[in-house]
Asker: 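Take this structure first; my questions come after.
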Amino acid sequence: MTENDDIAEIRRAVQALCAEFPGEYWREKDRERAYPGEFVDALTKAGFLAALIPEEFGGSGLKLDAAAVIMEEIQSSGCNGASAHAQMYIMNTLLRYGSPEQKAQYLPGIADGSLRLQAFGVSEPTSGTDTLSLRTVAARDGDHYVINGQKIWTSRAEHSDLMLLLARTTPREAAASKTEGLSILLVDMRAALGNGLTIKPIRTMMNHSTTEVFFDDLRIPATSLIGEEGKGFRYILSGMNAERILIAAECVGDAKWFIEKATAYAKDRSVFARPIGQNQGVQFPIARCYAQMRAAELMVHHAAQTYDQGGNPGAEANMAKLLASEASWAAADMCVQTFGGFGFAEEYDVERKFREARLYTVAPISTNLILSYLAEHVLGLPRSY
Ligand SMILES: Cc1cc2nc3c(=O)[nH]c(=O)nc-3n(C[C@H](O)[C@H](O)[C@H](O)COP(=O)(O)OP(=O)(O)OC[C@H]3O[C@@H](n4cnc5c(N)ncnc54)[C@H](O)[C@@H]3O)c2cc1C
């Protein structure tokens with residue numbers, strides 16, 4: 001891939017910032033399950049999280065392809081962008097569907113870091129992947145919506161000022177079609193906490209700051225509605241392409257990190273009086289992962305460029321996410337194997353990155369659901385669910 005000077009400069013700048021946050025920083029956060037606030041602050045100050053916000057609102061107005069490079073470099077430097085990645089793609093829904101007043105009210109603060117939009121409340125414990133069955137209700141009451149229900153896996157909710165929430169505003173039976181009746185609301189969590197909103201952290205196998213969120217008669221102003229009432233599912237779907245492409249870019253970055261670590265270790269580690277990397281049994285898995293990563297990388301940039309040209313890269317975004325999450329997971333497994341016993345020792349960061357990389361064949365969309373999208377919408381096979 002040939003890259004222009006601007007992209008190369010972005011890579012260098014992200015690498016320089018990430019160098020300030022070495023493995024020890026992430027290990028400590030991982031041990032404590034603590035939020036990497038200093039890292040997120042540094043990314044914000046440097047303007048990276050505002051990459052996609054137009055210049056008129058204080059962002060840098062970059063294309064998605066450039067934003068993907070930022071996320072990739074964070075991961076390939078050994079850092080973890082999951083602490084902040086949502087800000088980039090959630091903001092997109094506000095940008096695309098918010099009113100001029102909402103954009104003027106929120107985007108400059110998000111761009112300068114005084115407002116954090118890091119929480120995305122879609123998943124629920126009972127409906128799972130079947131988003132249209134979600135049960136959280138926002139009922140209109142005069143100038144307010146009254147919200148009742150529960151979300152799960154709402155990551156970074158404790159470290160965010162705002163949450164983009166998907167809730168039902170028209171009962172499923174009364175909606176014009178099965179995809180109508182859900183709406184997007186921008187919830188100001190600072191006002192809501194303790195007044196109908198409760199957040200409960202979930203401890204997971206990696207440090208991800210994810211939570212359960214409970215709504216108990218939470219009243220929010222009706223002006224929190226983004227776009228038209230009832231059209232929220234469509235808005236969410238269109239934002240998901242950007243989310244999948246950015247997360248796929250993170251997976252490519254992770255794969256690069258694992259491949260680089262494994263290659264260096266295979267050159268350095270000597271057993272039977274020769275480097276382990278001299279054995280084809282050690283070389284070939286690394287080479288295979290490299291090829292797999294490069295193929296995924298091409299699909300990520302193809303998807304991002306299609307998006308940037310105004311296309312609807314549903315298939316490309318899904319394939320990028322599928323290929324990249326599988327490439328990063330294959331590279332994670334290969335890296336542990338290459339390191340042998342040392343792959344399990346905390347100090348090499350391999351086991352931490354291994355745990356972190358495992359997420360992406362499950363979230364934000366699992367591999368099966370991508371395959372069924374491709375089967376149905378690209379190949380024309382019968383709908384399976
Ligand atoms: C750490 C973490 C962070 C997350 N962060 C967020 C967040 O910030 N916001 C948010 O809204 N969500 C978040 N999620 C939720 C995530 O998007 C879901 O976990 C994911 O979409 C899978 O949904 P589920 O867990 O309900 O699985 P389920 O829907 O219960 O599915 C379980 C398994 O069954 C398979 N399956 C289900 N239906 C079918 C079918 N029809 N055909 C074939 N296979 C099927 C799935 O592929 C999956 O493997 C997060 C999850 C995790 C673990």
Side-chain angles (χ1 to χ4, degrees), residues 29-30 33 35-36 40 80-93 116-136 147 149-160 162-168 182 184-187 189 199-215 232-233 235-237 239-244 246-248 250-251 254 317-318 321-322 325-326 328-329 352-377 381-385:
K29 297 291 177 198
D30 184 61
R33 289 295 189 273
Y35 188 68
V40 177
N80 190 357
S83 50
H85 57 194
Q87 180 132 326
M88 276 195 187
Y89 51 75
I90 300 178
M91 179 285 303
N92 218 24
T93 307
R116 282 191 176 171
L117 172 57
Q118 293 279 12
F120 193 29
V122 177
S123 299
E124 295 193 0
T126 49
S127 52
T129 302
D130 183 6
T131 307
L132 294 174
S133 300
L134 63 77
R135 293 184 186 174
T136 297
I147 306 174
Q150 184 194 345
K151 295 287 172 182
I152 194 168
W153 307 122
T154 315
S155 304
R156 302 160 299 273
E158 295 170 292
H159 308 282
S160 188
L162 304 169
M163 176 196 298
L164 206 68
L165 174 73
L166 186 66
R168 186 158 282 290
L182 298 175
I184 296 278
L185 298 153
L186 190 63
V187 178
M189 293 198 292
I199 303 175
K200 196 172 152 217
I202 305 176
R203 202 176 158 90
T204 52
M205 69 191 260
M206 69 297 188
N207 184 20
H208 200 89
S209 310
T210 198
T211 71
E212 280 178 288
V213 176
F214 299 88
F215 302 94
F233 186 67
Y235 300 161
I236 287 279
L237 279 189
M240 281 175 174
N241 286 335
E243 176 182 25
R244 283 170 202 174
L246 288 173
I247 287 186
E250 290 179 55
C251 293
D254 280 336
N318 273 299
K321 160 69 174 56
L322 172 81
S325 62
E326 290 186 347
S328 66
W329 180 236
R352 172 179 64 80
K353 291 285 271 183
F354 176 90
R355 287 183 280 113
E356 290 169 0
R358 183 62 187 89
L359 178 62
Y360 296 112
T361 58
V362 172
I365 180 174
S366 70
T367 300
N368 277 1
L369 272 291
I370 294 181
L371 292 172
S372 56
Y373 175 92
L374 295 174
E376 184 187 335
H377 296 282
L381 289 162
R383 186 175 173 79
S384 62
Y385 61 88

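Since this is a predicted model, take the numbers as computed values, not measurements. When a ligand or atom number is given, it counts from 1 through the structure's own listing order. The first residue in the sequence is number 1, and the count goes up from there.
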Asker: Taking non-hydrogen atoms only, is P364 closer than 4.0 angstrom to ligand 1 via side chain, backbone, both or neither?
Answerer: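 Looking at P364 and ligand 1, just backbone atoms fall under 4.0 Å.
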Asker: Kindly indicate whether atom 42 (N) of ligand 1 is approached by any protein heavy atom to under 4.0 angstrom.
Answerer: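 It does not: no protein heavy atom is found less than 4.0 Å away from atom 42 (N) of ligand 1.
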Asker: Purely on distance, is any nitrogen or oxygen of H208 under 3.5 Å from one on ligand 1?
Answerer: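 Between H208 and ligand 1, no N or O pair is found under 3.5 Å apart.
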Asker: Regarding ligand 1, does D130 bring an N or O atom to under 3.5 Å of one of the ligand's N or O atoms?
Answerer: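 Between D130 and ligand 1 (N or O atoms, distance only) the closest approach is not under 3.5 Å.
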Asker: Taking L132's backbone N and O only, do any of them form a donor-acceptor pair with R168's side chain (distance below 3.5 Å, no angle check)?
Answerer: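 Yes: the side chain of R168 pairs with the backbone of L132.
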Asker: Any cation-pi pair here, R358 with Y360, using under 6.0 Å and within 45°?
Answerer: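 So R358 doesn't make the cation-pi contact.
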Asker: Measure from the side-chain N and O atoms of S160 to the backbone N and O of A157, and report whether any donor-acceptor pair falls under 3.5 Å.
Answerer: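 Not at all, since once roles are kept as given, no pair shorter than 3.5 Å links the two residues.
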Asker: When you measure from atom 47 (O) of ligand 1 to every protein heavy atom, which one gives the shortest distance, and what is it?
Answerer: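 Among all protein heavy atoms, the one nearest atom 47 (O) of ligand 1 is S366 OG, 2.5 Å.
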Asker: Tell me: protein heavy atom nearest atom 44 (N) of ligand 1, and distance?
Answerer: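 Checking every protein heavy atom, the shortest distance to atom 44 (N) of ligand 1 gives N368 ND2, 3.0 Å.
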Asker: At a 4.0 Å threshold, what atoms of ligand 1 neighbour a non-hydrogen atom of T129?
Answerer: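 In order of number, 22 (C), 23 (O), 26 (O), 27 (O), 28 (P), 29 (O), 31 (O).
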Asker: Can an N or O of F120 be found at a distance shorter than 3.5 Å from an N or O of ligand 1?
Answerer: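 N/O-N/O distance under 3.5 Å: yes.
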Asker: Among all protein heavy atoms, pick out the one at the shortest distance from atom 3 (C) of ligand 1; state its residue, atom name and that distance to 0.1 Å.
Answerer: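 For atom 3 (C) of ligand 1, the nearest protein heavy atom is S155 OG, 3.2 Å.
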Asker: For atom 18 (C) of ligand 1, what's the nearest protein heavy-atom neighbour? Residue, atom name and distance, please.
Answerer: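 Closest protein heavy atom to atom 18 (C) of ligand 1: S123 OG, 4.2 Å.
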Asker: Kindly identify the option in T154, L369, L134, T204 whose heavy atom sits closest to atom 40 (C) of ligand 1.
Answerer: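 Ranked by closest heavy atom to atom 40 (C) of ligand 1, first place is L369.
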Asker: Are there protein heavy-atom neighbours of atom 34 (O) of ligand 1 below 4.0 Å?
Answerer: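 So far as the 4.0 Å threshold goes, atom 34 (O) of ligand 1 is out of reach of every protein heavy atom.
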Asker: Tell me whether K321 contacts the main-chain N or O of A248 through its side chain, where contact means a donor paired with an acceptor under 3.5 Å.
Answerer: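 Flag not set: sc K321 to bb A248 has no pair under 3.5 Å.
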Asker: Is it the case that the side chain of D254 and the backbone of A357 share a donor-acceptor pair, with hydrogens and angles ignored and the cut-off at 3.5 Å?
Answerer: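 No, because the side chain of D254 does not come within donor-acceptor range (under 3.5 Å) of the backbone of A357.
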Asker: Is the closest heavy atom of S372 to ligand 1 under 4.0 Å?
Answerer: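 S372 does not count as a contact of ligand 1 under the 4.0 Å cut-off.
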Asker: Under 3.5 Å, is there a donor-acceptor pair between the side chain of T361 and the main chain of S325?
Answerer: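 A pair under 3.5 Å: no.
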Asker: Minimum heavy-atom separation for M163 and T154, please, with both atom names.
Answerer: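 Nearest heavy atoms, M163 then T154: CE-CG2, 4.0 Å.
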Asker: Atoms of ligand 1 less than 4.0 Å from A363 heavy atoms?
Answerer: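 Near A363, the atoms of ligand 1 are 16 (C), 51 (C).
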Asker: Of the backbone atoms (N, CA, C, O) and the side-chain heavy atoms from C-beta on, which set of M206 has a member under 4.0 Å from an atom of ligand 1: side chain, backbone, both, or neither?
Answerer: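 Under 4.0 Å from ligand 1, M206 contributes side-chain atoms alone.
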Asker: Look at the side chain of Y35 and the backbone N and O of S83, then say whether any donor-acceptor pair between them is shorter than 3.5 Å.
Answerer: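 Such a contact is found between Y35 side chain and S83 backbone.
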Asker: Which residue from I202, V362, T367 reaches closest to atom 20 (C) of ligand 1 through any of its heavy atoms?
Answerer: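 Checking each option, the heavy atom nearest atom 20 (C) of ligand 1 is found in V362.
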Asker: Can you tell which of Y385, Y360, W153 gets a heavy atom nearest to atom 13 (C) of ligand 1?
Answerer: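 Going through Y385, Y360, W153 one by one, W153 has the nearest heavy atom to atom 13 (C) of ligand 1.
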Asker: So does T211 get a backbone contact from the side chain of K151, meaning a donor-acceptor N/O pair under 3.5 Å?
Answerer: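 Not a single qualifying donor-acceptor pair exists.
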Asker: State whether the shortest distance between N or O atoms of T210 and N or O atoms of ligand 1 falls below 3.5 angstrom.
Answerer: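 In fact, backbone or side chain, T210 has no N or O that close.
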Asker: Donor-acceptor pair, R33 side chain versus T204 backbone, under 3.5 Å?
Answerer: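 Yes.
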Asker: Main chain of T136, side chain of E124: is a donor-acceptor contact present, judged purely on distance under 3.5 Å?
Answerer: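 It does hold such a pair.
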Asker: Looking at non-hydrogen atoms alone, which of L359, V122, I152, L166 comes nearest to atom 1 (C) of ligand 1?
Answerer: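 The option holding the nearest heavy atom is L359.
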Asker: Does A84 offer a backbone N or O that forms a donor-acceptor pair with the side chain of R116 under 3.5 Å?
Answerer: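 No, the answer is negative, given that no donor and acceptor are paired below the 3.5 Å cut-off.
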Asker: Which atoms of ligand 1 sit under 4.0 Å from any heavy atom of G128?
Answerer: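 The list of qualifying atoms is 26 (O), 29 (O).
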